[in-house]
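One structure is given below, encoded as structure tokens.
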Amino acid sequence: MELIRGIHNIKPQHKGCVLTIGNFDGVHLGHMSVLSQLKASSEKHQLPSVVMTFEPQPVEVFNPAAAPARLIRWRDKYQLLQPHVDRLLCVRFNQAFANLPAEEFVSDLLVNKLGVKHLVIGDDFKFGCKRQGDFALLQVLAKKYHFSVEDTQSCILQSERVSSTAIRERVAKDDFVGAQRLLGRPYSVWGTVVHGAKNGRTIGFPTANILMHRKVSPVSGVFAVQVKLDGRLYDAVANVGYRPTLNGKQNQLEVHIFDFAGDLYQQRLQVIFRHKIRAEQKFESLAALQQQIVLDCQTAKQFFALERAE
């Protein structure tokens with residue numbers, strides 16, 4: 001998959017494609033359905049398939065205080081999309097881009113720069129200044145600029161529409177089984193292990209530390225998790241948050257892997273969330289925190305033992 005970073009990097013050789021547009025947060029089963037439609041259209045028209053997405057996401061520009069937690073980070077989105085599309089165009093979303101008139105968005109970007117021949121898009125898609133463009137306008141402009149438009153069909157699973165919002169709701173309620181059903185894979189956080197303060201070692205619980213790099217995290221608290229490393233799964237306990245007992249300043253994921261003694265620095269881990277144990281809290285001392293971690297580890301091990309016994 002070719003990555004095009006910004007409109008200014010669209011080259012003449014990129015002209016001529018089938019396109020879909022969206023945030024693709026989570027790259028869930030609904031998105032996979034859209035990508036399947038895109039691939040079929042790509043093969044029919046014998047043109048490259050292109051996903052256009054935005055960074056930051058539009059709601060993060062228009063109303064940052066109300067912006068929802070992202071299910072995945074940009075790097076994870078890139079890797080999940082990679083097997084399914086020929087090109088990924090990442091458009092920098094700012095106020096200047098938001099002010100682009102609806103028809104100019106189509107004529108300049110979609111037609112003149114990308115040479116779109118077929119557009120796969122949801123019928124609730126809004127575009128252009130003040131979101132004045134809609135699916136009906138797209139149909140009119142498609143005839144004017146000689147491309148075709150196809151409505152994406154909602155992905156319905158057990159009478160529920162699959163969406164990033166529905167998955168966020170599941171994750172917020174610690175319903176990781178339900179989130180997995182809509183995602184098509186376990187809810188996970190990927191990240192590279194960085195050096196921490198090494199406080200965990202001093203109390204007998206060394207941790208792998210991963211910075212969340214998110215304004216809003218979809219999860220917070222202490223969890224039974226599994227860590228995937230080099231194709232192997234390890235049971236573990238994890239804390240997501242600001243570590244109030246240690247006066248932490250950054251939102252961080254700390255994972256204590258059971259029965260593991262290797263060096264994890266700079267390793268990229270997949271942390272799979274399985275069960276919430278408790279909310280994050282501040283303890284009066286490191287000794288009190290240590291006692292609670294012992295209980296958290298016991299709870300996590302009991303969860304995995306019961307699950308395997310079923």
Side-chain angles (χ1 to χ4, degrees), residues 1-58 70-94 97 100 104-128 133 135 138-139 141-143 145-155 162-164 167 182-185 188 190 268 270:
M1 181 181 74
E2 180 183 4
L3 174 61
I4 306 171
R5 290 183 177 271
I7 296 171
H8 61 286
N9 282 319
I10 300 174
K11 308 298 183 187
Q13 61 265 31
H14 295 140
K15 195 166 184 178
C17 66
V18 297
L19 175 73
T20 190
I21 305 171
N23 289 323
F24 283 83
D25 185 29
V27 191
H28 50 63
L29 290 180
H31 296 138
M32 296 307 297
S33 177
V34 172
L35 294 173
S36 179
Q37 284 184 253
L38 187 71
K39 181 179 180 181
S41 297
S42 171
E43 292 172 351
K44 176 182 176 181
H45 291 273
Q46 296 185 321
L47 288 170
S49 59
V50 179
V51 167
M52 181 193 297
T53 190
F54 305 101
E55 191 64 35
Q57 294 176 172
R70 293 197 189 195
L71 292 170
I72 55 175
R73 295 186 293 178
W74 162 251
R75 177 175 176 176
D76 309 324
K77 183 189 300 186
Y78 171 85
Q79 292 184 332
L80 288 167
L81 287 172
Q82 194 167 24
H84 304 288
V85 66
D86 296 315
R87 294 177 188 145
L88 175 61
L89 169 61
C90 181
V91 174
R92 179 166 182 78
F93 196 91
N94 52 29
F97 183 82
L100 198 66
E104 190 174 331
F105 169 81
V106 172
S107 63
D108 185 44
L109 178 54
L110 301 195
V111 177
N112 294 337
K113 287 187 169 64
L114 289 173
V116 169
K117 298 301 180 185
H118 186 74
L119 180 62
V120 179
I121 203 75
D123 62 8
D124 59 349
F125 178 66
K126 303 290 186 181
F127 62 99
F135 190 79
L138 270 178
Q139 291 177 309
L141 295 176
K143 291 180 180 179
Y145 293 105
H146 310 293
F147 64 91
S148 51
V149 182
E150 175 185 358
D151 178 17
T152 58
Q153 302 299 312
S154 294
C155 179
V162 179
S163 69
S164 301
I167 295 166
L182 300 180
L183 277 166
R185 64 179 187 280
S188 306
W190 290 264
R268 184 166 169 81
Q270 178 184 0

CA sep, side-chain torsions, deciding dist, call: Val116, Cys17, side chain to side chain contact (heavy atoms under 4.5 Å, CB included): CA-CA 5 Å; Val116 169; Cys17 66; 3.9 Å; yes
Trace of the side chain to side chain contact (heavy atoms under 4.5 Å, CB included) decision for Met52 with Leu109: CA-CA 11 Å; Met52 181 193 297; Leu109 178 54; 3.7 Å; yes
Should Glu2 and Asp86 be marked as a side chain to side chain contact (heavy atoms under 4.5 Å, CB included) after you check the CA-CA gap, both sets of side-chain angles, and the distance that decides it? CA-CA 6 Å; Glu2 180 183 4; Asp86 296 315; over 6 Å; no
Set out, in order, the CA-CA distance, both residues' side-chain angles and the distance that settles side chain to side chain contact (heavy atoms under 4.5 Å, CB included) for Leu71 and Asp76, then state yes or no. CA-CA 10 Å; Leu71 292 170; Asp76 309 324; over 6 Å; no
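Distance alone, capped at 3.5 Å, is enough to place a donor-acceptor pair between the Lys77 side chain and the Asn23 backbone. For the pair Thr20 (side chain) and Val120 (backbone), a donor-acceptor distance under 3.5 Å is present. Although no hydrogens or angles enter the test, the distance criterion places a donor-acceptor pair under 3.5 Å between the side chain of Ser41 and the main chain of Gln37. Panel note: side chain His31, backbone His28; a donor-acceptor pair is recorded below 3.5 Å. A donor-acceptor pair under 3.5 Å is formed between the side chain of Arg87 and the backbone N or O of His14. For the pair Asp123 (side chain) and Thr152 (backbone), a donor-acceptor distance under 3.5 Å is absent. Panel note: side chain Asn9, backbone Gly6; no donor-acceptor pair is recorded below 3.5 Å. With hydrogens and angles disregarded, no donor-acceptor distance shorter than 3.5 Å links the side chain of Ser164 to the backbone of Phe24. Between the side chain of Lys15 and the backbone N or O of Asn112 there is at least one donor-acceptor pair closer than 3.5 Å.
Closest approach of Leu81 to Val51, counting heavy atoms only: CD1-CG1, 4.4 Å. Of all heavy-atom pairs between Ser49 and Ser42, the closest is N-OG, 3.7 Å. Taking every heavy atom of both residues into account, Gly30 and Cys155 meet most closely at CA-CB, 3.6 Å. Contact detail for Ile72 and Arg185: the closest heavy-atom pair is CG2-NH2, 4.2 Å.
Around atom CZ of Arg5, no more than 12 heavy atoms belonging to other residues, nucleotides or ligands sit under 6.0 Å away. Atom CZ of Arg92 sits in a sparse spot, with 12 or fewer heavy atoms from other residues, nucleotides or ligands closer than 6.0 Å.
Ring orientation note: the planes of His45 and His118 are close to parallel, at an angle under 30° on the 30°/60° scale. Using the six-membered ring where Trp is involved, Phe93 and Phe97 have ring planes that are perpendicular, over 60° apart on the 30 and 60° scheme.
To the nearest 0.5 Å, the span separating CG on Leu100 from CD1 on Ile7 amounts to 7.5 Å. Here OH of Tyr145 is found 14.5 Å from CG of Leu119. Values are rounded to the nearest 0.5 Å. The line from CG of Leu3 to OH of Tyr78 is 6.0 Å long, rounded to the nearest 0.5 Å. With values rounded to the nearest 0.5 angstrom, Thr53 atom OG1 is found 10.0 Å from Ile21 atom CD1. The structure places CZ of Arg73 at 13.0 Å from CG of Asp25, a figure rounded to the nearest 0.5 Å.
Between Phe135 and Asp124, every side-chain heavy-atom pair lies at or beyond the 4.5 Å cut-off. You'll find the side chain of Leu89 reaches within 4.5 Å of the side chain of Leu114, heavy atoms only. Residues Val111 and Leu141 fail the side-chain proximity criterion, which asks for heavy atoms closer than 4.5 Å. A heavy-atom distance below 4.5 Å is found between the side chains of Met1 and Leu88.
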